[in-house]
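Please read the structure below before turning to the comments.
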Protein chains: 2
Amino acid sequence: MSSKLTDRQQQVLDCIRECIADTGMAPTRAEIADIMGFQSKNAASDHLRALERKGFIKLHSDRSRGIQLLDNAYWSEEELPIVGKVAAGVPIEAIENVERTVPVPQGLFKQRPTYLLKVQGDSMIEAGIFDGDLIAVRKSNVARSGEIVVARIDEEVTVKTLKLNKSSATLLPANEAYEPIKVPADQLIIEGIFVGLIRDPNSF
Amino acid sequence: MSSKLTDRQQQVLDCIRECIADTGMAPTRAEIADIMGFQSKNAASDHLRALERKGFIKLHSDRSRGIQLLDNAYWSEEELPIVGKVAAGVPIEAIENVERTVPVPQGLFKQRPTYLLKVQGDSMIEAGIFDGDLIAVRKSNVARSGEIVVARIDEEVTVKTLKLNKSSATLLPANEAYEPIKVPADQLIIEGIFVGLIRDPNSF
DNA sequence: ATAGGTACTGATAATATGAACAGTGCTATT
DNA sequence: AATAGCACTGTTCATATTATCAGTACCTAT
C-alpha cells in the first residue's frame with residue numbers, strides 16, 4: 001500500500017518536515033509551491049494527494065495547513081527493564097533481576113530493543129562500549145557474524161563481537177588486553193543482539 | 001518577562017498542546033472556542049494574545065493556525081531536535097538547521113538535554129564518542145574544567161573535553177592523532193555541555 | 001494507441017481563518 | 001472613584017487557504 005515515493009515527492013515530503021520542524025506549522029499549498037519553486041499552487045496539491053494516496057501523510061480537508069505526517073508519527077514510549085549487569089570483560093554475572101526501568105521510546109533505535117543491560121568492564125572500549133553504559137538488546141537466539149551480541153557461556157553472560165566459522169564461534173573483545181574466546185557452536189547461547197547504546201555521564 | 005499564567009490561560013495552553021499532539025496542527029481560534037466552550041472566537045483571540053505577551057507562544061500574524069509553542073512548551077515533552085552535525089575531528093559545521101527530531105524521555109539522562117547533535121569525526125573515540133553517535137547536549141554558556149563541551153570557535157562547532165587554566169582554555173581531543181586546541185578565554189564560546197550519548201548501530 | 005501516473009501552469013470559486021471593533025461584567029489595585 | 005487586567009459575547013471585514021476545473025507535456029505499461 002505504501003508504495004515508494006518519487007524523487008520529487010520525497011523532496012516535497014522533506015519540505016513539509018522542515019516546515020514543521022522550523023515553525024511548528026505545516027505549510028500551505030502556496031508555501032510549498034514557493035519553497036519548491038512551483039508557479040502553480042496546484043502542483044503542490046497534486047503532490048500532497050500523491051503523498052496521501054501512498055500513505056505518508058493525512059490531509060484534513062478544508063482545514064488550513066491540514067497536513068499530518070503519518071510514517072514517523074507514532075512513537076509510543078515503552079518502559080524497558082534493566083535486567084542486570086553484563087560483563088564486557090570476564091563474564092561474571094547472569095541475567096536476572098530487574099533493577100529499574102528506563103523509558104525508551106519506540107523509534108529511538110532502528111531495531112526495537114527488548115531490554116537493557118548495564119555494562120561492566122572494559123573489554124569493548126575499542127567499540128565505544130564503556131563501563132557503565134547501558135546497551136539496548138533485542139532478544140534473539142541467532143546472530144550473524146560481525147554483530148555485537150549478548151552471549152551466554154555456561155551460566156555467565158558477556159557482550160562481544162561474534163565471529164562465526166564452520167563449526168565454532170569466536171567471541172571477540174574490542175580491547176587488546178583481552179583474548180578472543182573460542183567456543184564450540186553447541187555450547188554458545190545467543191541471548192540477544194546489540195541494537196543501541198545509551199550513556200549518561202552523570203549517572204554513577 | 002514570562003509571568004505566570006492564570007488558570008484559564010493554562011487551560012488554553014494545554015488545549016493547544018493537546019491539539020498539536022493529537023493532529024499535528026495548532027488549533028484555530030474557532031476550534032479553541034469550541035473546545036473551551038466559548039461562544040465567541042474573540043475569547044480565544046484574547047487568550048492567545050495574553051499567552052504571547054507572557055512569552056509562552058508565538059503568533060504568526062495572518063497565518064492560519066499560526067500558533068507556535070515556544071521553548072519551554074514545545075520540546076519539554078519528549079521530542080528533541082537534532083540541530084545539526086558537530087565535528088569531533090576538525091571543526092567543520094555550525095549549529096543550524098533541524099534535521100529531524102528524536103523522542104527522548106525526561107528520565108533517560110540525569111541532566112535534561114536541550115537538543116541533540118550528530119557527531120562527525122573520530123577525535124573523541126577514546127572517550128567513547130564515535131562518528132555517527134548522537135550526543136545529548138544541555139545548553140549552557142559556562143562549563144567546568146574536565147567536562148565534555150560543545151564549543152564554538154569563530155563559526156565552527158566542535159565537541160571536546162574542556163580544560164581551564166588561568167587565562168586560557170584548552171579543548172582536549174580524545175585521540176592521539178589530534179592536537180589540543182588552545183584558545184584565549186574570550187574567543188571561546190561554550191554552546192552546551194555533554195549530558196548523554198545515544199548510539200544506533202543500525203542507523204545507516 | 002490507449003490509459004494511467006507524474007509533473008506541472010493558470011485561473012476561479014468557495015470557505016476557513018485572522019483581525020478589528022464595540023460592548024458587558026467581574027475583580028483587584030491605587 | 002478610577003484604572004487596569006481578566007474573561008468573555010457578538011459582529012463585520014479582509015485575506016489566507018483549500019478545492020476544483022481546464023490544460024500541457026512526458027513517460028511507462030498494456
Side-chain angles (χ1 to χ4, degrees), chain A residues 1-20 22-71, chain B residues 1-20 22-70 73:
Chain A
M1 62 180 90
S2 69
S3 29
K4 271 181 185 169
L5 295 180
T6 65
D7 286 355
R8 213 70 179 119
Q9 286 164 357
Q10 184 62 55
Q11 285 169 27
V12 172
L13 185 59
D14 288 343
C15 153
I16 296 167
R17 277 222 193 80
E18 258 185 75
C19 269
I20 292 177
D22 215 44
T23 65
M25 295 179 272
T28 65
R29 275 96 176 132
E31 285 168 357
I32 294 173
D34 220 51
I35 297 167
M36 299 291 297
F38 304 152
Q39 301 300 306
S40 171
K41 295 181 292 182
N42 192 48
S45 283
D46 284 351
H47 282 303
L48 289 178
R49 272 188 288 265
L51 286 171
E52 184 176 43
R53 182 162 38 79
K54 293 186 178 180
F56 287 78
I57 61 172
K58 181 182 173 189
L59 292 174
H60 297 254
S61 62
D62 293 323
R63 326 222 106 190
S64 301
R65 301 169 186 278
I67 304 169
Q68 191 174 1
L69 295 176
L70 288 183
D71 52 327
Chain B
M1 61 176 93
S2 68
S3 32
K4 272 181 186 170
L5 294 180
T6 65
D7 286 354
R8 211 71 178 123
Q9 286 164 356
Q10 185 61 56
Q11 286 169 28
V12 173
L13 186 59
D14 288 341
C15 152
I16 297 167
R17 273 218 200 85
E18 259 183 76
C19 271
I20 292 177
D22 217 43
T23 65
M25 298 179 270
T28 64
R29 275 89 176 136
E31 285 169 356
I32 294 173
D34 220 48
I35 295 167
M36 300 290 297
F38 305 152
Q39 300 301 307
S40 170
K41 296 183 294 181
N42 193 49
S45 284
D46 284 351
H47 281 302
L48 290 177
R49 272 189 287 265
L51 285 171
E52 183 174 45
R53 184 162 37 80
K54 293 185 177 180
F56 287 78
I57 61 173
K58 181 181 173 190
L59 292 175
H60 296 256
S61 62
D62 293 322
R63 326 226 106 189
S64 300
R65 302 172 186 276
I67 304 169
Q68 190 173 5
L69 295 176
L70 258 29

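Chain A is the first sequence line, chain B the second, and so forth, proteins listed ahead of strands; every chain is numbered from 1.
Between the CG atom of D34(B) and the P atom of dT17(C) there is a distance of 12 Å, given to the nearest Å. Distance N42(A) CG to dA19(D) C1': 9 Å, rounded to the nearest Å. The nearest whole Å value for the distance from the CG atom in L51(A) to the P atom in dG5(C) is 15 Å. As rounded to whole Å, 15 Å separates atom P of dT6(C) from atom CG of L13(A). The distance between atom CZ of R29(A) and atom P of dC8(C), rounded to the nearest whole Å, is 16 Å. Note: CZ (R65(B)) to C1' (dA16(C)) measures 9 Å, nearest angstrom. Rounded to an integer number of Å, the gap from R49(A) CZ to dC21(D) C1' is 11 Å. One can place CG of D46(A) at 7 Å from C1' of dC8(C), the figure rounded to the nearest angstrom.
Checked by distance alone, D62(A) brings no side-chain donor or acceptor within 3.5 Å of a matching partner on the base of dT18(D). A donor and an acceptor atom never sit less than 3.5 Å apart when one is taken from the side chain of S64(B) and the other from the base of dG18(C). Donor-acceptor pairing under 3.5 Å, judged by distance alone, is present between the side chain of K41(A) and the base of dT18(D).
For dC8(D), the OP1/OP2 oxygens have a side-chain nitrogen or oxygen of H47(B) closer than 4.0 Å. For dC27(D), the OP1/OP2 oxygens have no side-chain nitrogen or oxygen of R8(A) closer than 4.0 Å. Here Q9(B) reaches the OP1 or OP2 of dA7(D): one of its side-chain N or O atoms lies under 4.0 Å away.
The main-chain N or O of S45(B) is never found under 3.5 Å from a side-chain atom of R29(B) such that the two would form a donor-acceptor pair. The main-chain N or O of A26(A) is found under 3.5 Å from a side-chain atom of R65(A) such that the two form a donor-acceptor pair.
No contact: S45(B) has no heavy atom under 4.0 Å from any strand.
Comparing Q39(A) and E31(B) against DNA chain C, the residue whose closest nucleotide sits nearer the 5' end is Q39(A).
Taking every side-chain heavy atom of R63(A) into account, dT17(C) is the closest of dC8(D), dT17(C), dA7(C).
Across every non-hydrogen atom of R17(B) and L69(B), the tightest pair is CG-CD1, 3.8 Å.
Checked for salt-bridge contact, E31(B) and K41(B) miss the test: no charged N lies under 4.0 Å from a carboxylate O.
Under the side-chain contact (heavy atoms from CB on, under 4.5 Å) rule, I57(A) has a single partner from E52(A), Q68(A), R49(A), which is E52(A).
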